[in-house]
Student: 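The structure under discussion is supplied below as structure tokens; questions concerning it will follow.
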Amino acid sequence: MLALNSLIGSGWLFGSGSAAKIAGPAAIISWILGAVIIIAIAINYIELGTMFPESGGMSRYAQYSHGPLLGFIAAWANWISLVTLVPMEAVAAVQYMSTWPWSWANWTKHFMAKGDITTAGLGIVLFFMIIFTLINFWSIRIMTRFTNLISVFKILLPTLTIITLLMSGFHPSNFGHNLHEFMPYGSRAIFEATSISGIIMSYDAFQTVINMGGELENPRKNIVRGVLISMLITAVIYILLQVTFIGAVEPQILAKTGWHGVDFTSPFADLALLLGLNWLVVLLYLDAFVSPFGTGVAFVATASRALAAMTYTKHLPKWLGKLNRTYLTPRYAMIFDLALAMILISVFRNWNLLATVIATATLIAYLTGPVTVAALRRLAPELKRPFAPNYMNWLAPLAFVLTSLAIYWSMWPTTIEVILVIVLGLPVYLYYEFKLQEGQMKKHIYQAMWLLVYLIFLSAISYVGSTGFGGQDWIQYPWDFVLIIVVSLVFYYWGVRSASVDQLKQDSENSR
């Protein structure tokens, strides 16, 4: 329930409309592709999560295999994405509020202007973010009971929406009568939609279960169950929602504007209004609170534990990782995350922009997962692995390649902007590293060099790549994909060979 509550957030409210606008009926393939990519990545982290069931684990795994510098970069990138998710969910709720169709709700129409949150809307967003934080502030028990209740509603309403729209007005002709009509903007649009319409972001929340590993009962079994079952349920729901959306659009609208012209502010609510389903409209606007609210609450928990876990390497102030004695929650981390989230939403006031930033930052952090899994299997085969699939030998490099491609699909200049935000964390690391004076800086740089060089390569290929992904078209589609696949494998094996288990042994001794 915790995983489902995180996974089914604002993505289902906006993703189908945005993906269909970009790729037409072929957006269905985008949702399938997104699920394949994230499940491939998730399986790597399930192995790590069951080996090391600890709170904020996603912030620590890379450190075990490649030392504190790589661990810090991965944790910093992941933390940035988690903190950004909190204001994004609040923005989603306010965006749906701004389209309420009732006369008594005219006051909400001032919350949005040209797709951005206004100053008036910003006040409501900040209020929602404070509520998200307070629900987490006292205990994990309150948070999980809240999410269990919310999760039931979040599963039932998308299912009801699918059934109702399929029965009320489904047009099979919208899917086209040949490959060109099904894929009106070419195969490239499928990959574009996967990253920039919120699809990757919608599937990303599997890590909530892994980051709560230290607080779960029987984590070595329940991490596997929680991640895989929730991912499969969510994939089915999202794919069916996309099929439903495509079939529910009136053919007359498509005849006039094409899929690029289908621009609904509140996609499913707008469709329900056109079909005269007023009772469904009310439920959808209600869910526009429930889904973002549930996900926002879950990600306050995840982000605070990710930040608290980063303090264990001594490269952030210790007080950020301090737990409240009564409720065992990282309150200082929550307050710090809330302050940063308020700054972020004051600068980035657009749902789609926030979704793309989140997806890119998360994917950069995920580059370390497959490398860490393979490295630990090579250097520490004696470690207990409750979940150790035989197919990991080929799945790990495949997940690394797919992650690299998905970063590229985020498009220039988003790629370089997010990479720069991640690089901004390096001065923080260096300050504490010099303060510690452990004299192992060269070794840590060597272990992290593969990722630092790879980020430079991803920035460069994003700039010189095909125009469809924001580049200069010096390397045209699909040869840009071929180049990324080949080069990514080189960096994957470089990363695996750069590993050392010295840090893991040191941490084990410290814990004893």
Student: Using 30° and 60° as the class limits, which term best fits the ring planes of Phe469 and Tyr477: parallel, tilted or perpendicular?
Tutor: tilted
Student: Mind telling me whether Tyr454 and Phe457 have parallel, tilted or perpendicular rings, with 30° and 60° as the class edges?
Tutor: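 Phe457 and Tyr454: parallel rings.
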Student: With a 4.5 Å heavy-atom cut-off, do Leu232 and Ile39 have their side chains touching?
Tutor: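 They are in side-chain contact.
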Student: Is it true that a side-chain atom of Ser195 and a backbone atom of Ala406 form a donor plus acceptor pair closer than 3.5 Å?
Tutor: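 Yes; judged by distance alone, with no hydrogens or angles, the pair exists.
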Student: Do Ser462 side-chain atoms and Tyr408 backbone N/O form a donor-acceptor pair below 3.5 Å?
Tutor: no
Student: Show the nearest heavy-atom pair for residues Glu47 and Pro389, with the distance to one decimal.
Tutor: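 Taking every non-hydrogen atom into account, OE1-CD, 3.8 Å.
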Student: What class does the angle between the rings of Tyr203 and Tyr238 fall in, given that below 30° is parallel, 30 to 60° is tilted and above 60° is perpendicular?
Tutor: perpendicular
Student: Is there a side-chain contact between Thr133 and Val86 (heavy atoms, below 4.5 Å)?
Tutor: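 No, their side chains stay 4.5 Å or more apart.
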Student: Testing the 3.5 Å rule here: is there a donor-acceptor pair between the side chains of Ser410 and Thr360?
Tutor: yes
Student: Identify all side-chain donor-acceptor contacts of residues 362-371 below 3.5 Å with residues at least two apart in sequence or on another chain.
Tutor:
residue, atom, partner, partner atom, Å
Thr362, OG1, Ser81, OG, 3.0
Thr362, OG1, Ile358, O, 2.6
Tyr366, OH, Asp204, O, 3.4
Tyr366, OH, Asp204, OD1, 2.4
Tyr366, OH, Gln207, NE2, 3.0
Thr368, OG1, Ala365, O, 2.8

Student: Answer whether the closest heavy-atom distance between the side chains of Phe170 and Val243 falls below 4.5 Å.
Tutor: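 When only atoms from C-beta onward are counted, Val243 and Phe170 do touch, with a gap below 4.5 Å.
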Student: Take the angle between the ring planes of Phe245 and Trp259 and call it parallel below 30°, perpendicular above 60°, tilted in between.
Tutor: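 Correct class here is tilted.
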Student: Do Phe387 and Ile43 have side chains that get closer than 4.5 Å, going by heavy atoms?
Tutor: yes
